[in-house]
There are 2 protein chains.
Amino acid sequence: MSTTDLRLPAHAARSSAPSDAARKPRARRSARAHNRLPQLLDEAARLFRAQGFHGTSVREIVQSIDMLPGSLYYHFAAKEDLLAAVYEEGVHRISERVLGAIASETGAWRRLEAACIAHLEALLEDSDYAQVVIRVRPADVPAVAPSLVALRDRYEEIFVGLVAALPLRRGTDRRSLRLMLLGALNWSQTWYRAGRDDARAIGREFVALLRHGVPSPRT
Amino acid sequence: MSTTDLRLPAHAARSSAPSDAARKPRARRSARAHNRLPQLLDEAARLFRAQGFHGTSVREIVQSIDMLPGSLYYHFAAKEDLLAAVYEEGVHRISERVLGAIASETGAWRRLEAACIAHLEALLEDSDYAQVVIRVRPADVPAVAPSLVALRDRYEEIFVGLVAALPLRRGTDRRSLRLMLLGALNWSQTWYRAGRDDARAIGREFVALLRHGVPSPRT
DNA sequence: TCATTGGCCGAACAAGTGTTTGTTTTTAGC
DNA sequence: GCTAAAAACAAACACTTGTTCGGCCAATGA
């Protein structure tokens, strides 16, 4: 399912012939019981989210799970590939959540609203992985930037579809609509504070504002 | 005019008595002919905007203006204070631009629109300074974070006023309105591409969407 | 003309960076 | 129980990071 060309460490290099056609799906490496890759990813997500990519050192990441810096390079060829893995998982989680939310809804506007709420919940109250997707700029990680952009674009395709389904007057600029909505949603990461704000309420409010406009007086 | 408690280098320390009342406005240090502080700030803004704070080293900054790393510390006590200076200048520039734009407009909605367009122009097509304000997160620069937040909050007060002036139905949540609008505007930094997109058009479009809502069919 | 000092150089410092390599321990399959 | 691979250790490497500090020189105001 992995679409990023994630550069793996040397020991996991492609088997043999450089031009072997019919490459197997390459079953995920056995995965033993004692494998701290999940914890490694969790910690990386936590720190990348809180401090960004350049603001987080590999020592910081491995320290909190009692691992040594060098051990990271058994799992990933470089720090940037660790970020790529976290990012991919983040996109995966948001996608799942959003797709799940819209599946049970009918009606273009209700589906869009459900998607926005799910997007926000994942972004504000859920996992660190999702937040990394919004927090870290692909340009900060040159080696894997194209992969990250591709992932994000593919995710936003969901919203392209949702907006396309809206019953709008002919000639309406649906791109602006989408960009405005997603921008407002994503930026909420800046001002959102748990307890004070509520993801569901924000999502509903923003969609309503976009749908009906701001309520004008004496109407 | 400086509101950030910008920690200056040692040679510019407060004169003498620790508890001297009636402190002079402290006229800006003489500023000789040969002073490359402006170029230093320009380069810092350029790089902080493109690569973020942690992604930019002090050597990178001074190198492009043929300065040595140590010389930076004649002007600033720390790298973080350089960022603070750039940030402050950025807020100053956006503020000037926005205030200038709304001064010549009457009518609450027209003023808001003018402000958004000016905000976007500064953010997308104008100076690096303004972009730093949106790009760099205060949390990335702990030592001066409070100052940065205060600056940004003070700037956003302009929009609080503009939104407060809108003729809306009683009970409308003006905070959501403002957050949605500013969020959408700020996030445009992510997808905007010079040539393809146009700041003025984006501003007009977003304000229109917020005012009237999306145009529904057969109305 | 001369003392003053703003502005910067030159050279280093200690700490931290991502990464490599050889080796050891642990686990799974036969 | 033996073996082969997985997973991680231990210890370094080469380099970059932000920062310090003494000295130097040109410009400035008297």
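Proteins get letters first, then strands, A, B, ... in listed order; numbering begins at 1 in each. Computed from heavy atoms alone, side chains included, the values below leave out hydrogens, waters and symmetry copies.
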Below 3.5 Å between N/O atoms, which protein atoms pair up with nucleotides 23-30 of chain C? Just atom names and distances, please.
{"from": "C:dT26", "atom 1": "O2", "to": "A:Arg32", "atom 2": "NH1", "distance (Å)": "2.9"}
{"from": "C:dT27", "atom 1": "O4'", "to": "A:Arg32", "atom 2": "NH1", "distance (Å)": "2.8"}
{"from": "C:dT27", "atom 1": "N1", "to": "A:Arg32", "atom 2": "NH1", "distance (Å)": "3.3"}
{"from": "C:dT27", "atom 1": "O2", "to": "A:Arg32", "atom 2": "NH1", "distance (Å)": "3.1"}
{"from": "C:dT27", "atom 1": "O2", "to": "A:Arg32", "atom 2": "NH2", "distance (Å)": "3.4"}

field: Test log, rule side chain to side chain contact (heavy atoms under 4.5 Å, CB included), inputs B:Phe53 and B:Lys79
entry: CA-CA 9 Å; B:Phe53 179 74; B:Lys79 184 192 175 190; 3.7 Å; yes
- line: Quick note, B:Met67 side chain, CB onward, closest among C:dC8, D:dA8, D:dT19 is C:dC8
query: Between C:dC9 atom P and B:Leu72 atom CG, what is the distance in whole Å?
result: 11 Å
query: Between B:Gln63 (CD) and D:dT16 (P), how many Å, whole number?
result: 11 Å
- prompt: Are any of B:Tyr74's side-chain N or O atoms less than 4.0 Å away from OP1 or OP2 of C:dC8?
  reply: no
message: For A:Arg135, is there an ion pair with B:Asp140 - N to carboxylate O distance below 4.0 angstrom?
response: yes
task: Would you mind checking if A:Glu89 and A:Arg93 are paired as a salt bridge, meaning a charged N to carboxylate O distance below 4.0 Å?
output: yes
task: Respond yes when some side-chain nitrogen or oxygen of B:Tyr73 is under 4.0 Å from OP1 or OP2 of D:dT19, and no when none is.
output: yes
message: Once ring pair (Phe, Tyr, Trp, His ring centres under 6.0 Å) is applied, what residue pairs with a partner in residues 118-154 of chain B remain, sequence neighbours excluded?
response: B:His119-B:Tyr155, B:His119-B:Phe159
query: The side chain of B:Leu68 lies closest to which of these nucleotides: C:dG7, C:dG10, D:dA8?
result: C:dG10
- prompt: So which of residues 42-61 of chain B are in contact with DNA chain C, with a heavy-atom cut-off of under 4.0 Å?
  reply: B:Arg59
query: With no hydrogens and no angle check, is any side-chain donor or acceptor of A:Arg36 less than 3.5 Å from a backbone partner on A:Asp66?
result: yes
- request: Mind calculating the distance between CG (A:Leu40) and P (D:dA8) to the nearest angstrom?
  value: 9 Å
task: Please state how far atom NZ in A:Lys79 lies from atom P in C:dG16, giving the value in whole angstrom units.
output: 15 Å
- prompt: Rounded to whole angstroms, how far apart are CG on B:Asp66 and C1' on C:dG7?
  reply: 16 Å
field: Carboxylate-amine/guanidinium contact B:Glu121 B:Arg200, below 4.0 Å
entry: yes
- prompt: Do the side-chain N or O atoms of B:Ser71 get closer than 4.0 angstrom to the phosphate oxygens (OP1, OP2) of C:dG7?
  reply: no
- prompt: Can you list the steps and then say if A:Gln189 with A:Arg49 is a side-chain hydrogen bond (donor to acceptor under 3.5 Å, both in side chains)?
  reply: CA-CA 11 Å; A:Gln189 210 186 49; A:Arg49 176 219 121 179; over 6 Å; no
- prompt: Between A:Leu151 and A:Arg154, does a side chain to side chain contact (heavy atoms under 4.5 Å, CB included) hold up when you go through it step by step?
  reply: CA-CA 5 Å; A:Leu151 280 169; A:Arg154 203 156 57 89; 4.0 Å; yes
message: Run B:Tyr192 and B:Glu125 through side chain to side chain contact (heavy atoms under 4.5 Å, CB included) and show every step you take.
response: CA-CA 10 Å; B:Tyr192 174 87; B:Glu125 301 166 347; 2.9 Å; yes
task: Please tell me which of the listed nucleotides, D:dC9, D:dT19, C:dT19, lies nearest to the side chain of A:Ala78?
output: C:dT19
task: Provide, to the nearest angstrom, the distance between the CD atom belonging to B:Glu80 and the C1' atom belonging to D:dT17.
output: 14 Å
